[in-house]
Q: 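To start, I am sharing the structure in question, which I have written as structure tokens.
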Amino acid sequence: MSKAAELAALIGGQSSLAMPNMIINGDCRVAQRGTSTASITGNTNFVVDRWAFNPSGHGTWTLSQNSSTGLSEFETSVKMLCTTGGGSPAASDYVLMYYNIEGYDTQILKMGTSDAERFTVSFYVKSNKTGTGIVEAQTTSGGASVEYSRSFTISQANTWEKKSVTIIANTSLAQDSANKTTSTGLSLYFILDSGTNQTTGTLPTTWADQTFVNRWAGHDLAIGRNADDYMELTGLQIDVGDVAQPFKYETFAENLARCQRYFYLFGRFQMSGYQSGTTSAIGTIYTPVRMRADPSVSFSVYSGYSDNTTSISTQGEAHTNRTMTGQTAERKPGTAIEFTIQCSGGFGGSDNRPLNLFNFFGDFLFDAEL
């Protein structure tokens with residue numbers, strides 16, 4: 001490397017060191033939803049926050065947070081374990097872990113401009129398989145997916161190895177404006193296995209419109225064809241430039257707060273509010289940080305309690321257990337969220353009466369994931 005190139009790398013490295021890791025929860029410490037989910041066969045399964053898993057049509061899986069990796073740098077990882085092998089995949093089948101980055105956080109890459117930035121994805125990987133893996137970077141341009149893929153090699157089975165791949169600058173394919181704010185600005189895909197529809201072409205050498213046969217050409221890890229196949233990942237980071245920098249550690253509180261922009265678990269609480277009509281209770285709750293978008297809401301009942309139950313006290317009355325028929329949430333200024341719970345049976349009385357809602361039956365899950 002020339003002196004000029006060394007200087008450029010150093011300057012780029014210092015700039016990258018000054019910015020937070022674009023990948024939130026890269027050390028896999030936060031797992032708000034729990035530490036394991038079994039019998040997975042389809043898309044969008046989260047255990048470790050921000051990391052989603054999709055075994056599309058191929059095998060049955062357990063997704064878990066491993067809290068004893070054996071690495072000195074990282075105690076936790078995300079593990080994808082095949083429990084029922086899928087055999088040789090059908091042409092359209094695939095298995096992948098993916099991570100979506102909010103558009104606001106990708107603007108530093110200046111995609112689609114003449115001064116777009118190269119960036120380096122680094123990570124630790126472990127598997128019972130050896131061979132060629134693929135990391136794919138993807139965004140949209142003109143409403144269509146555009147991408148660039150790089151290969152890496154797992155050399156030793158059942159051994160942690162550190163890898164890095166550099167994604168070339170996207171200087172020609174303008175990133176859609178909708179993908180520069182709160183939508184997905186960039187997706188990363190880590191491929192475990194794939195059918196022939198995505199592997200029989202030639203790996204792209206530039207950012208290009210998505211061509212299925214080229215996406216993961218050369219991939220041969222074949223993780224998921226047999227029971228007990230697995231892949232683990234941790235220590236994931238994006239650095240602007242060609243150099244993988246030392247991992248940017250955060251406190252657990254900082255890491256959790258960044259995750260809570262996308263998912264927040266709201267457990268036992270009391271909420272003051274009012275009734276709307278005779279079947280809806282409306283109040284305001286406050287999340288630790290402003291969520292990315294109006295979250296969807298689901299309910300996870302505690303063991304030993306009845307599902308979809310809450311307890312509401314209208315003005316001057318004792319609280320009564322009621323069956324919930326739905327929940328919605330809408331962001332208000334700051335971290336406030338207007339929370340509405342619909343109930344069967346009705347409250348009686350007049351519209352807009354004050355009420356108190358008591359939740360001790362389960363967790364409300366607020367989801368604003370990409």
Side-chain angles (χ1 to χ4, degrees), residues 30-50 52-53 62-65 256 259-370:
V30 179
Q32 295 184 80
R33 298 167 177 86
T35 57
S36 183
T37 300
S39 303
I40 296 171
T41 58
N43 186 28
T44 316
N45 290 275
F46 290 90
V47 169
V48 169
D49 274 46
R50 306 273 24 251
F53 179 56
T62 293
L63 183 64
S64 63
Q65 181 194 50
L256 175 62
C259 291
Q260 286 173 331
R261 178 166 169 79
Y262 304 92
F263 181 84
Y264 179 58
L265 188 149
F266 198 47
R268 295 176 184 263
F269 66 92
Q270 176 183 347
M271 180 181 76
S272 297
Y274 64 95
Q275 69 179 66
S276 176
T278 60
T279 59
S280 293
I282 300 177
T284 300
I285 65 170
Y286 294 87
T287 54
V289 297
R290 182 167 175 80
M291 299 197 76
R292 182 191 64 86
D294 291 344
S296 62
V297 187
S298 58
F299 183 73
S300 176
V301 66
Y302 297 143
S303 176
Y305 289 90
S306 299
D307 200 7
N308 292 324
T309 300
T310 192
S311 188
I312 293 177
S313 169
T314 53
Q315 189 176 32
E317 298 179 358
H319 64 82
T320 303
N321 292 348
R322 304 173 189 273
T323 300
M324 295 183 291
T325 57
Q327 309 93 25
T328 60
E330 181 181 350
R331 293 183 308 164
K332 297 300 181 181
T335 63
I337 289 183
E338 185 177 86
F339 185 31
T340 302
I341 296 178
Q342 295 88 30
C343 298
S344 62
F347 307 143
S350 60
D351 196 18
N352 295 321
R353 278 200 311 175
L355 56 74
N356 286 307
L357 182 144
F358 303 86
N359 172 52
F360 28 70
F361 298 101
D363 295 324
F364 289 97
L365 282 58
F366 290 77
D367 192 331
E369 278 289 356
L370 291 160

Q: Looking at R292 and E369, is any side-chain nitrogen of the basic one under 4.0 Å from a carboxylate oxygen of the acidic one?
A: no
Q: Is any side-chain heavy atom of P295 less than 4.5 Å from a side-chain heavy atom of I337?
A: yes
Q: Hey, could you give me the CD1/OG1 distance between I285 and T335, rounded to the nearest 0.5 Å?
A: 9.5 Å
Q: Can you measure from CZ (F263) to CG (L365) and round to the nearest 0.5 angstrom?
A: 3.5 Å
Q: Between F339 and F266, is the gap from one ring center to the other below 6.0 Å?
A: no
Q: Check the side chains of Y302 and D363 for a donor-acceptor pair under 3.5 angstrom, ignoring hydrogens and angles.
A: yes
Q: Does N356 reach the side chain of H319, with side-chain heavy atoms less than 4.5 Å apart?
A: no
Q: Taking side chain as C-beta onward, heavy atoms only, is R353 less than 4.5 Å from L355?
A: no
Q: Return the CD1 to OG1 distance between I40 and T62, rounded to the nearest 0.5 Å.
A: 6.5 Å
Q: Hey, does S298 have a side-chain heavy atom less than 4.5 Å from the side chain of D367?
A: no
Q: Mind checking the CZ-CG spacing from R33 to D49? Nearest 0.5 Å is all I need.
A: 5.5 Å
Q: To the nearest 0.5 Å, tell me how far M271 CE sits from I341 CD1.
A: 5.0 Å
Q: Which word best sums up how the rings of F366 and Y264 line up, parallel for under 30°, tilted for 30 to 60°, or perpendicular for over 60°?
A: tilted
Q: Could you tell me which non-hydrogen atom of Y286 sits nearest to which non-hydrogen atom of A336, and how far apart they are?
A: CE2-CB, 3.5 Å
Q: Could you tell me the separation between the CD atom of Q65 and the OG1 atom of T37, rounded to the nearest 0.5 Å?
A: 11.5 Å
